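A short write-up of the structure that comes next.
The shown structure was predicted, so the numbers you read here are calculated from the model rather than taken from an experiment. FYI, the numbering just counts along the sequence from 1.
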Amino acid sequence: ELAVGLPKGHIWHSGSLATKSGLEFLANIPTEEVFTLPHCDRVDGTVHSSLALNYNGILIDDFELKFENGKAVNANARVGNDALQRLLSTEEGVTRLGEVALVPYSSPISQRKMLFYTTLFDENAASHLAFGMAYRYTLADGEGMTQEQFRAAGGNISNFHIDFMVGNEGMDIDGIKEDSNTEPVMRSGEWAFDV
């Protein structure tokens with residue numbers, strides 16, 4: 001049960017990006033994710049990992065995080081708990097989220113049913129979140145903002161960006177619109193609408 005607020009002006013991206021000169025490229029191949037930045041002060045609730053995280057050669061697995069006002073206030077891992085605690089103690093920014101990414105459970109990487117121990121592959125197996133830095137291009141005019149402006153707009157500042165997987169075949173996601181009505185986004189780990 002996790003509520004993730006999005007900042008005003010957030011931009012959803014997928015596999016294809018463009019350079020400032022307009023050259024289109026794919027940063028991650030393969031890619032299955034659709035991602036943006038969460039508001040770094042508007043994440044509340046508890047989330048549990050769905051796949052192990054290989055962090056600097058140390059496996060962190062079966063972990064749960066509790067967030068209040070955007071900050072991870074409690075974290076425990078069945079495997080690699082010391083590494084998780086060290087990571088979260090490195091700086092303030094790493095205790096907050098910088099990315100929310102949606103990946104359908106039916107993605108080809110997920111269907112392989114294996115862990116690659118490399119985040120650039122593993123993140124395509126499940127919806128995921130990231131500790132730390134938010135990408136400025138996921139916020140309207142974010143690349144032109146000062147660090148203080150970006151943070152005030154809800155972007156997280158950090159020296160880290162570490163993805164961890166939370167999606168599974170049972171995940172349901174609802175979007176809450178500005179008028180407070182809800183709209184199904186994912187049901188049982190799959191898109192709830194035609195894409």
Side-chain angles (χ1 to χ4, degrees), residues 1-4 6 12-15 26-38 40 43-67 70-90 93-135 138 156 158 160-175 185-192 195:
E1 292 290 325
L2 188 71
V4 178
L6 303 177
W12 288 95
H13 287 279
S14 59
L26 298 171
N28 293 347
I29 298 176
T31 188
E32 299 291 332
E33 67 180 320
V34 178
F35 65 96
T36 192
L37 77 162
C40 63
V43 178
D44 292 285
T46 303
V47 67
H48 196 278
S49 65
S50 59
L51 293 172
L53 168 63
N54 178 13
Y55 176 66
N56 289 338
I58 300 171
L59 206 62
I60 303 172
D61 195 12
D62 195 10
F63 59 96
E64 187 171 275
L65 303 161
K66 180 179 180 183
F67 288 89
K71 184 175 182 176
V73 295
N74 194 8
N76 289 292
R78 188 180 56 78
V79 175
N81 190 57
D82 289 346
L84 179 62
Q85 301 306 323
R86 280 193 307 274
L87 169 64
L88 292 173
S89 68
T90 56
V94 83
T95 65
R96 297 178 185 274
L97 299 179
E99 179 183 3
V100 55
L102 306 180
V103 177
Y105 182 72
S106 61
S107 81
I109 302 296
S110 173
Q111 296 310 301
R112 300 265 320 177
K113 304 288 187 220
M114 64 184 289
L115 194 64
F116 289 89
Y117 301 96
T118 300
T119 302
L120 287 177
F121 289 120
D122 292 334
E123 71 177 2
N124 292 291
S127 292
H128 54 275
L129 304 168
F131 298 115
M133 177 187 66
Y135 296 125
T138 59
N156 195 33
S158 176
F160 296 86
H161 182 94
I162 303 162
D163 295 300
F164 62 96
M165 284 50 79
V166 297
N168 59 43
E169 70 273 20
M171 177 174 272
D172 291 337
I173 299 174
D174 287 314
V185 175
M186 289 188 124
R187 288 293 180 266
S188 300
E190 301 298 331
W191 296 115
V195 292

### Query
Who pairs with E190 by side-chain hydrogen bond (donor to acceptor under 3.5 Å, both in side chains), at least two apart in sequence or on another chain?
S106
Kindly list each side-chain donor-acceptor pair under 3.5 angstrom involving residues 72-83, sequence neighbours excluded, with atom names and distances?
residue : atom : partner : partner atom : Å
N74     : OD1  : N76     : ND2          : 3.4
R78     : NE   : D62     : OD2          : 2.8
N81     : OD1  : A77     : N            : 2.9
N81     : OD1  : Q85     : NE2          : 3.2

### Task
Rounded to the nearest 0.5 Å, what's the gap from CG on L53 to CD1 on I162? Could you check?
7.0 Å
### Task
Identify the heavy atoms of S50 and G167 that sit nearest to each other, and give their distance.
OG-O, 2.7 Å
### Task
Determine yes or no for a side-chain-to-main-chain donor-acceptor pair under 3.5 angstrom, with R187 supplying the side chain and I173 the backbone.
yes
### Query
Does K71 offer a backbone N or O that forms a donor-acceptor pair with the side chain of T95 under 3.5 Å?
no
### Query
Rounded to the nearest 0.5 Å, what separation is found between the CG atom of N156 and the CE atom of M133?
9.5 Å
### Query
Given the side-chain rings of F131 and H161, with only the six-membered ring counted for Trp, is the space between their centroids under 6.0 Å?
no
### Query
Considering all heavy atoms of both residues, which atom of A125 and which atom of S107 are nearest to each other, and what is their separation?
CA-OG, 3.9 Å
### Summary
From the list N168, L115, D61, V166, side chain to side chain contact (heavy atoms under 4.5 Å, CB included) partner of L51 resolves to L115
### Task
Could I get the full list of side-chain contact (heavy atoms from CB on, under 4.5 Å) partners for V34, not counting sequence neighbours?
W12, S14, W191
### Task
Return the minimal non-hydrogen interatomic distance between T46 and K66, and the atom names on each side.
OG1-CG, 4.0 Å
### Task
State, yes or no, whether a side-chain contact exists between M171 and S188 at a heavy-atom distance under 4.5 Å.
no
### Query
Hey, what do you get for NE2 (H128) to CD (E123), rounding to the nearest 0.5 Å?
4.0 Å
### Task
Kindly compute the distance separating CG (L37) from CG (L6), expressed to the nearest 0.5 Å.
7.5 Å
### Message
Working to the nearest 0.5 angstrom, can you tell me the gap between R96 CZ and L129 CG?
### Response
15.0 Å
### Query
Distance from M186 atom CE to L102 atom CG, nearest 0.5 Å?
5.5 Å
### Task
Taking ring-ring contact (aromatic ring centres under 6.0 Å, His included) as the test, write out the residues that go with H48, two or more places apart.
none
### Task
Would you indicate whether the side-chain heavy atoms of V47 and F67 approach each other to under 4.5 Å?
yes
### Task
Report yes if some heavy atom in the side chain of I58 is under 4.5 Å from a heavy atom in the side chain of R86; otherwise report no.
yes
### Query
Under the side chain to side chain donor-acceptor pair (under 3.5 Å) rule, what pairs show up with a residue in residues 108-119, not counting sequence neighbours?
Y105-K113
### Query
Testing T138, V100, V103 for side chain to side chain contact (heavy atoms under 4.5 Å, CB included) with F35, which one passes?
T138
### Aromatic ring proximity, centroids under 6.0 angstrom, F164 and F63
yes
### Task
With sequence neighbours excluded, tell me which residues meet ring-ring contact (aromatic ring centres under 6.0 Å, His included) with F160.
none
#### Entry: T90 to L87 - nearest heavy-atom pair and separation
OG1-O, 2.8 Å
